[in-house]
*Asks:* 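The following block contains the structure, expressed as structure tokens.
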Amino acid sequence: MTTHLLEGLNEAQREAVEAIQGPLLIIAGPGSGKTRVITHRIAYLVRTVGVSPHRILAVTFTNKAAKEMKDRLQRLVGTQANDLTVGTFHAFCASVLRRHGQHVGLESGFSIFDDEDQMELIKAAMEEAEVDHKQFPRRSIQGVISRAKSVLLDAQGLAMQQRSYFEEVSARVYARYEELLAQNNAVDFDDLLLKTVFLFRNTPEVLRRYQERYVHLLVDEFQDTNVVQYTLAKLLADNYRNICVVGDPDQSIYSWRSADIRNILNFQKDYTDAKTVTLDVNYRSTGTILDAAKGVIAANRHRLAKDIRTSREEGSPLIVHEAFTEAEEAQYVIQQIDRLVRDDGIKRSDCAVMYRVNAQSRALEEACLRHGMPYRLIGGVRFYQRREVKDVIAYLRLISNPEDQVSLTRIINKPPRGIGQRSVDQLVHWARSQNIPLHSALELVCEDRTEDKPASHPLAPRAAQAVFGFVTLMRNLREESGRLDAVDLIDALLDRTGYQAYLRSSPDDWEERWENVLELRSAAGEFRDLGHSEGLTTLLEQVALVADVDSYDEATDAITLITLHQAKGLEFPVVFITGMEEGLLPHIRSMDSPEELEEERRLCYVGITRCMDRLFLTRAFRRGIRGSSGPTIPSRFLQEVPPHLIKSAKPIGQKRTVWSTSKAPTLEQEEKTVPVFKTGDKVSHATFGEGLVVSYAGRGQDSEVTVAFSGGAGVKRLMVSYAPLEKVEG
DNA sequence: CAGTGGAGGCTTTTT
DNA sequence: GCCTCCACTG
């Protein structure tokens with residue numbers, strides 16, 4: 001531990017590390033050594049100033065960021081790092097609520113509902129509030145509720161806003177939804193934050209404990225915090241006022257999740273004595289890449305101007321490539337990576353392929369498989385959301401929280417044990433009419449069964465018998481959970497339920513599913529040393545709050561496929577941004593709102609600035625969107641990159657180069673240039689060679705021609721207006 | 001009661 | 001194209 005903590009830092013960085021007294025706002029441009037500053041600041045507090053690590057709280061946006069920060073701190077302060085509190089807002093709040101939840105009506109062992117559980121409950125709430133799900137999509141209602149929660153609005157508050165009929169209906173569902181959550185002894189993601197704020201507001205003595213403990217508070221990715229999170233931060237910092245927030249307004253890309261850029265402005269208003277440090281030297285990207293990024297972001301009107309300088313050389317030009325279809329775009333990407341690996345000694349793990357929407361990963365994956373390119377797909381279907389994994393988790397959740405109806409109804413007949421949908425419905429309605437929780441209703445069914453009275457419940461004898469079997473199973477498991485650790489408990493329930501046989505009986509991919517169950521089991525092994533009940537709650541919390549299993553090892557030499565959003569905070573020597581098309585980037589859903597369009601631009605900016613050395617921007621002439629496919633228009637962001645930075649990969653026999661046209665061609669021009677073919681014409685294509693026209697359909701720029709190529713390219717359907725196609729005379 | 005198949009709806013980003 | 005819901009069948 002001989003490193004001098006201020007060594008190797010530039011002036012601004014050093015200032016940010018040393019300004020430990022009072023509020024501090026760090027505006028950190030991309031690649032400006034932000035993480036370095038945060039970790040060194042914490043290390044400086046611990047090692048130089050002598051602050052106990054126990055009294056420092058650092059909040060990050062993702063679990064991954066938290067993990068990385070912990071790792072780095074480990075290197076800087078050694079084992080003392082274990083005493084630091086580093087985590088996401090959600091994880092921090094969960095631990096507060098575990099301890100003090102009773103003040104806001106939560107019993108120990110409360111469940112944390114994920115998206116899917118939440119939707120189940122909203123569905124039930126809508127039914128009970130008699131809201132038609134065809135007229136009011138669940139998803140939209142969920143969105144309204146979530147947005148309300150993230151600005152500290154309860155159902156009543158939402159109803160009082162009276163902004164639209166839709167919100168009014170949503171407020172009704174919201175109210176019922178809250179009752180159901182309470183009945184389930186459960187919270188959703190937003191509640192973790194919201195309830196913690198309520199807890200702190202209503203129970204000053206609890207707040208005071210945290211306020212007094214944490215002398216220093218750091219918030220990373222501040223531009224992506226929402227109102228609740230900022231409120232929480234302010235509450236926590238109220239005592240010592242040593243609050244340091246780090247962010248970059250140009251990288252704010254989560255406003256759709258209620259993140260509020262205005263937090264940065266509000267910070268300066270709320271803490272008038274705040275010091276501001278700007279980190280504006282970029283150590284990551286070449287001059288060319290940075291200029292490209294600056295060109296794009298400069299087009300945003302609502303923006304605090306900020307100039308970033310590079311510390312690096314100019315570097316090689318950007319490569320813009322226009323492929324024909326998404327498949328060829330993917331193929332181009334893979335081929336380029338192959339070439340870079342072969343000729344330039346670049347590692348596959350240095351390469352990232354980014355895209356706007358997850359659906360784009362498909363073509364890329366297929367290309368990887370075809371070319372034998374090892375890849376790592378970030379995101380996709382989450383491990384903990386797989387059906388079989390969630391089933392086992394539901395058992396565990398029900399063991400630790402009997403009130404959890406969502407879990408109960410999920411597994412009451414899994415594996416099938418003779419309690420079908422009809423019986424479940426009857427039970428739910430009966431419980432509701434008797435005004436008792438569902439699990440109590442089940443208990444009553446069992447008691448009734450043993451006595452000889454006429455049954456007071458609505459179940460058929462056979463179903464009642466099945467319920468008895470289930471209740472007994474759960475009773476036993478719950479009782480044993482006190483003696484068993486999480487792994488043994490999982491074993492017990494798998495064994496008792498015959499879960500493996502159940503998996504085996506149905507789909508053909510049961511082996512993979514069983515593997516997943518075993519992986520959950522081994523994840524549970526991590527918590528073996530904790531007490532039995534604590535181990536279980538910790539496991540369940542981990543499962544709820546950790547998005548992806550950190551099972552990928554950095555060591556494997558594979559390329560990374562990742563969405564632009566998820567790429568935030570990462571860097572790669574080689575970056576491909578694919579799908580540079582209007583409608584994708586910017587996304588079609590953002591195109592009619594100037595604010596959202598600016599966020600798309602920031603997203604593009606984030607993507608570009610992830611790149612250290614070589615940047616490729618690609619698009620496809622034709623892209624399939626849910627089944628059908630059609631021609632595309634180049635992204636406006638391509639035109640915002642200064643043209644002199646770009647080297648065209650291959651203009652594919654095109655007359656115009658899309659990135660240099662300042663405007664898309666008018667329909668008129670387009671009509672004129674579109675050639676007309678008829679069946680039987682001989683044609684020549686720049687890539688596919690010669691062929692014969694099989695059919696011709698449509699008119700103007702929408703004309704589509706089907707050509708059978710002789711050179712092995714086979715039969716292709718092409719857009720006449722885009723395809724480099726010429727009629728061959730004779 | 002459970003499993004199958006067809007019809008219809010939907011589709012951004014994620015703690 | 002994928003998923004969900006529903007009705008029908010075994």
Side-chain angles (χ1 to χ4, degrees), chain A residues 59-66 87-94 112-116 118-120 123 133-135 137-140 142-143 146 149-150 187-194 220-221 224-226 228-229 252-259 326 354-363 378-382 384-385 387 413-425 460 462-463 466 502 505-507 541-548 562-568 579 583-591 596 599-600 602-604 606-607 623-629:
Chain A
V59 194
T60 61
F61 186 70
T62 62
N63 293 295
K64 204 161 140 211
T88 62
F89 269 109
H90 290 86
F92 173 76
C93 290
I112 299 171
F113 278 0
D114 69 11
D115 227 51
E116 196 190 341
Q118 192 186 13
M119 290 308 256
E120 278 302 310
K123 188 179 167 191
H133 73 275
K134 291 212 166 110
Q135 209 179 336
R138 261 191 281 169
R139 201 66 277 154
S140 315
Q142 187 267 337
S146 176
K149 284 189 174 185
S150 55
V187 294
D188 62 23
F189 279 128
D190 300 310
D191 278 346
L192 285 170
L193 310 172
L194 197 59
D220 193 10
E221 306 283 12
D224 285 322
T225 52
N226 64 25
V228 185
Q229 288 166 328
S252 158
I253 54 174
Y254 282 100
S255 76
W256 53 274
R257 244 177 71 188
S258 309
E326 55 194 320
M354 303 180 183
Y355 37 83
R356 174 68 236 262
V357 301
N358 273 313
Q360 286 172 263
S361 71
R362 205 188 175 85
I378 310 290
V381 193
R382 296 247 168 51
Y384 291 127
Q385 279 174 7
R387 265 206 311 281
N413 205 30
K414 249 178 223 174
R417 51 171 71 90
I419 312 174
Q421 194 54 55
R422 206 181 132 66
S423 305
V424 174
D425 286 346
R462 223 169 74 184
Y502 162 62
S505 69
S506 32
E541 206 160 291
Q542 165 100 355
V543 159
L545 299 177
V546 176
D548 44 3
I562 192 169
T563 65
L564 286 163
H565 280 90
Q566 293 179 108
K568 188 179 76 164
L584 250 191
L585 187 66
H587 194 271
I588 188 141
R589 299 272 276 248
S590 311
M591 283 168 65
E596 289 178 42
E599 181 148 316
E600 295 291 307
R602 291 194 293 269
L603 190 55
C604 184
V606 165
R623 184 174 301 272
I625 297 159
R626 32 172 207 277
S628 64
S629 88

*Asks:* Check whether the aromatic ring of A:W256 stacks on the base of B:dT13, taking stacking as ring centres less than 5.5 Å apart and planes within 30° of each other.
*Replies:*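 Whether judged by distance or by angle, A:W256 passes, so it stacks on the base of B:dT13.
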*Asks:* Keeping the roles fixed (side chain from A:R602, backbone from A:S252), state whether a donor-acceptor pair exists under 3.5 Å.
*Replies:*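 The answer is yes, because a donor-acceptor pair under 3.5 Å joins these two groups.
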*Asks:* So, is the end of the A:K568 side chain (NZ or CZ) under 6.0 Å from the ring centre of A:Y254 and within 45° of the ring's axis?
*Replies:*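 Here A:K568 fails the 6.0 Å and 45° test against A:Y254.
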*Asks:* If you check every side-chain atom of A:H565, which of B:dT13, B:dT11, B:dT15 has the closest atom?
*Replies:*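 That would be B:dT13.
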*Asks:* Would you say B:dT15 has OP1 or OP2 under 4.0 Å from some side-chain N or O of A:S146?
*Replies:*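 No, outside the criterion.
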*Asks:* I need the CG-C1' distance between A:L194 and B:dT15, as an integer number of Å.
*Replies:*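 It is 15 Å, rounded to the nearest whole Å.
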*Asks:* May I ask you to evaluate whether A:R138 reaches the phosphate of B:dC10, defined as a side-chain N or O under 4.0 Å from OP1 or OP2?
*Replies:*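 It does not, given that no N or O in the side chain of A:R138 lies less than 4.0 Å from OP1 or OP2 of B:dC10.
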*Asks:* C:dC5 and B:dT12: how far apart are their C1' atoms, nearest whole angstrom?
*Replies:*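 After rounding to an integer number of Å, I get 24 Å for this pair.
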*Asks:* Please tell me which of the listed nucleotides, B:dT15, B:dT12, B:dA2, lies nearest to the side chain of A:R257?
*Replies:*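 Looking only at side-chain atoms, A:R257 lies closest to B:dT15.
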*Asks:* Would you say B:dC1 has OP1 or OP2 under 4.0 Å from some side-chain N or O of A:S423?
*Replies:*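 It does, given that an N or O in the side chain of A:S423 lies less than 4.0 Å from OP1 or OP2 of B:dC1.
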*Asks:* Check this for me: does the side-chain of A:R356 come within 3.5 Å of the base of B:dT13 through a donor and an acceptor?
*Replies:*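 Counting by modelled atom types and ignoring angles, a donor-acceptor contact under 3.5 Å is found here.
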*Asks:* Provide, to the nearest angstrom, the distance between the CG atom belonging to A:L585 and the C1' atom belonging to B:dT12.
*Replies:*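 So the two atoms are 11 Å apart, to the nearest Å.
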*Asks:* Just the rounded figure in Å: distance from P of B:dT15 to CG of A:D220.
*Replies:*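 That distance rounds to 15 Å.
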*Asks:* Measure from the side-chain heavy atoms of A:V357 and tell me the nearest of B:dT14, B:dA2, B:dT12.
*Replies:*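 Nearest to the side-chain atoms of A:V357, counting from C-beta on, is B:dT12.
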*Asks:* Starting at atom CG of A:D115, determine the distance to atom P of B:dT14, rounded to an integer number of angstrom.
*Replies:*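 That distance rounds to 11 Å.
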*Asks:* How long is the span from the NE2 atom in A:H90 to the CG atom in A:D191, to the nearest 0.5 Å?
*Replies:*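 The distance works out to 10.0 Å.
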*Asks:* Closer to the 5' end of DNA chain B via nearest nucleotide, is it A:E599 or A:G420?
*Replies:*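 Counting from the 5' end, the first nearest nucleotide belongs to A:G420.
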*Asks:* Identify, between A:R417 and A:L603, the residue whose nearest nucleotide on DNA chain B lies closer to the 5' end.
*Replies:*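 Closest to the 5' end, via its nearest nucleotide, is A:R417.
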*Asks:* Select one nucleotide: of B:dT15, B:dT11, B:dT13, the one nearest the side-chain heavy atoms of A:T62.
*Replies:*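 Out of B:dT15, B:dT11, B:dT13, the nucleotide with an atom closest to A:T62's side chain is B:dT15.
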*Asks:* Take atom CG of A:L584 and atom C1' of B:dT13, then tell me their distance rounded to the nearest Å.
*Replies:*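 Those two atoms, CG and C1', are 13 Å apart.
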*Asks:* Below 4.0 angstrom from OP1 or OP2 of B:dA2, is there any side-chain N or O of A:N413?
*Replies:*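 Answer is yes, contact under 4.0 Å.
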*Asks:* Rounded to whole angstroms, how far apart are CD on A:Q142 and P on B:dT11?
*Replies:*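 Interatomic distance, CD of A:Q142 to P of B:dT11: 11 Å.
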*Asks:* Below 4.0 angstrom, N of the basic side chain to O of the carboxylate: do A:R139 and A:D115 qualify?
*Replies:*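 A:D115 and A:R139: salt-bridged.
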*Asks:* Closer than 4.0 angstrom, basic N to acidic O: yes or no for A:R356 and A:E600?
*Replies:*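 Salt bridge: yes.
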*Asks:* Which nucleotide in the set B:dT13, B:dT15, B:dG3 lies at the smallest distance from any side-chain heavy atom of A:N358?
*Replies:*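 My answer, after comparing the listed nucleotides, is B:dT13.
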*Asks:* Heavy atoms under 4.0 Å, any strand shown: does A:Y254 hit a base, just sugar-phosphate, or nothing?
*Replies:*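 Sugar-phosphate contact only - A:Y254 comes under 4.0 Å of backbone atoms but never of a base.
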*Asks:* What is the separation between atom CD on A:Q566 and atom P on B:dT12, rounded to the nearest whole Å?
*Replies:*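 In whole Å, B:dT12 P lies 14 Å from A:Q566 CD.
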*Asks:* Would you confirm whether A:Y355, through its side chain, and A:L564, through its main-chain N or O, come within 3.5 Å as a donor-acceptor pair?
*Replies:*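 It does not hold such a pair.
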*Asks:* May I have the distance from A:Y502 (atom OH) to B:dC1 (atom C1'), rounded to whole angstrom?
*Replies:*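 Distance check: A:Y502 OH to B:dC1 C1' gives 14 Å.
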*Asks:* Any side-chain N or O of A:N63 below 4.0 angstrom from OP1/OP2 of B:dT15?
*Replies:*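 No.
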